[in-house]
Amino acid sequence: MTVLYIALGLFLLALVLFWQSGRQRREAGLPGGRVIYTDTRTWGPVEKPLYFAELGLTGKPDYLVERKDRIIPVEVKSGHAPEAPYDSHIFQLASYCLLVDKTYGKRPPYGIIHYTNRDFAVDYTPELESNLLDLLIEMRRDEYRSSVPRSHEDVARCARCGFQTACDQRLV
Ligand code: SF4
């Protein structure tokens, strides 16, 4: 069963990546993220995926930081930081914030996206949570559609995409 939950979580995250580019940050009301300094010595790896049955949502943040009775999820990205975090990264982090809230009963005020050269704190606002829940509902609905249109014109993204060989809408 655990494997099923992990697979479902990975599938949902893949769909988030697929969805993200067509969404305008301002329309979605996404927070931009603020640059912060982080002390990586306080980061603790996460042993098991977090799971919230009501939404069938599972995910495993790279790290959790316990600080002043708060639990802050950290998502580590291998590339250099963009000007502001990508929408897909923000939604992924928001899903971890939601999972931390539901698992530990402590709502994270923000999460951290760690790029190789810079860290961003992204506030987990009620608006971001609402956008995430809307997105999850849309994704669930689209699971039953035979085809979901590509949401971007980014050739480079398709070139990096792990679904490229199976995708009939790839740009490369
Ligand atoms: S190949 Fe391109 S269009 Fe297809 S899923 Fe990947 S990023 Fe999206």
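Residues take their numbers from the sequence shown, with the count starting at 1. When a ligand or atom number is given, it counts from 1 through the structure's own listing order.
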Who passes side-chain contact (heavy atoms from CB on, under 4.5 Å) against Arg118, sequence neighbours left out?
Val35, Ala81, Phe120

Is it the case that the side chain of Lys60 and the backbone of Lys48 share a donor-acceptor pair, with hydrogens and angles ignored and the cut-off at 3.5 Å?
no

Ignoring hydrogens and geometry beyond distance, is a side-chain donor-acceptor pair present between Tyr115 and His89 at under 3.5 Å?
yes

Give a yes or no on whether Cys167 keeps an N, O or S atom under 2.8 Å from atom 4 (Fe) of ligand 1.
yes

Below 4.0 angstrom from a heavy atom of Arg150, which ligand 1 atoms are there? Numbered from 1 as shown, please.
3 (S)

Check each of Gln164, Arg170, His152, Gln169 against atom 7 (S) of ligand 1 and report the one with the nearest heavy atom.
His152

Taking side-chain contact (heavy atoms from CB on, under 4.5 Å) as the definition, give me every residue that meets it alongside Ala156, ordered by chain and number, with sequence neighbours left out.
Asp154, Arg160

